[in-house]
Amino acid sequence: MKSSVLTRYRVMAYVTAVMLLVLCACMVAKYGFHTGEDLTFAVSQLHGVLYIIYLIFAFDLGSKAKWPFGKLLWVLVSGTIPTAAFFVERKVVAETLPLVSGAQAQPVKA
């Protein structure tokens, strides 16, 4: 597997996770303080598009790494749970790094 497949997934995992946190903050502002309705709409649309891209890249990585369906489903759903994508991305990288051609496994620092 090429390292670009893993890199694309990693970038989109972080971008999707950050955008989901921004969306959560916008939702609190919209429903808690009755402000920022237009910003919430824009952020939700942007997050939706980025999440679709994340799904494509995660599915591509999962198919090339030959993950079982349950693991693939968990990785795909982690983009909808605030902060989950950060933890799942770290675990996925640790598990798939040995599959990347020309890469050496590095221990993950806790």
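The chain is numbered in sequence order, starting from 1.
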L55 meets the side-chain contact (heavy atoms from CB on, under 4.5 Å) criterion, sequence neighbours left out, with Y51, L76
Applying ring-ring contact (aromatic ring centres under 6.0 Å, His included), can you list everything that pairs with Y14, at least two apart in sequence or on another chain?
F86
With sequence neighbours left out, the residues meeting side-chain contact (heavy atoms from CB on, under 4.5 Å) with L39 are C26, V43
For residues 16-24, tabulate all N or O donor-acceptor pairs below 3.5 Å that involve a side-chain atom, not counting sequence neighbours.
| unit_1 | atom_1 | unit_2 | atom_2 | d |
| --- | --- | --- | --- | --- |
| T16 | OG1 | M12 | O | 2.7 |

Who are the salt bridge (charged side-chain N to carboxylate O under 4.0 Å, His left out) partners of E95, not counting sequence neighbours?
K71
Quick note, salt bridge (Lys or Arg N to Asp or Glu O under 4.0 Å) partners involving residues 76-88, not counting sequence neighbours, are none
Hits for side chain to side chain donor-acceptor pair (under 3.5 Å) against Y9, two or more places apart or cross-chain, chain-then-number order -> none
Starting from L73, can I reach I52 by hopping between I/L/V/M/F/W/Y residues whose side chains sit under 4.5 Å apart?
yes
Pairs touching residues 17-42 that satisfy side chain to side chain donor-acceptor pair (under 3.5 Å), sequence neighbours left out
none
Are any non-hydrogen side-chain atoms of F57 and L61 less than 4.5 angstrom apart?
no
Those residues that, when tested against S78, pass side chain to side chain donor-acceptor pair (under 3.5 Å) (two or more places apart)
Y54
Could you identify which residues cluster with V28, counting Ile, Leu, Val, Met, Phe, Trp and Tyr as linked when any side-chain heavy atoms lie under 4.5 Å apart, either directly or through a chain of such contacts?
F33
Considering all heavy atoms of both residues, which atom of V75 and which atom of A58 are nearest to each other, and what is their separation?
CG1-CB, 4.1 Å
V49 side chain reached by Q45 side chain, heavy atoms, under 4.5 Å
no
With sequence neighbours excluded, give me every salt bridge (Lys or Arg N to Asp or Glu O under 4.0 Å) pair touching residues 51-65.
R8-D60, D60-K64
Same cluster or not: are V11 and F87 linked, directly or through other Ile, Leu, Val, Met, Phe, Trp or Tyr residues, by side-chain heavy atoms under 4.5 angstrom apart?
no
Salt bridge (charged side-chain N to carboxylate O under 4.0 Å, His left out) against K2, all qualifying residues, sequence neighbours excluded:
none
Do I53 and V92 share a hydrophobic cluster, counting only Ile, Leu, Val, Met, Phe, Trp and Tyr and linking them when any side-chain heavy atoms are less than 4.5 Å apart?
yes
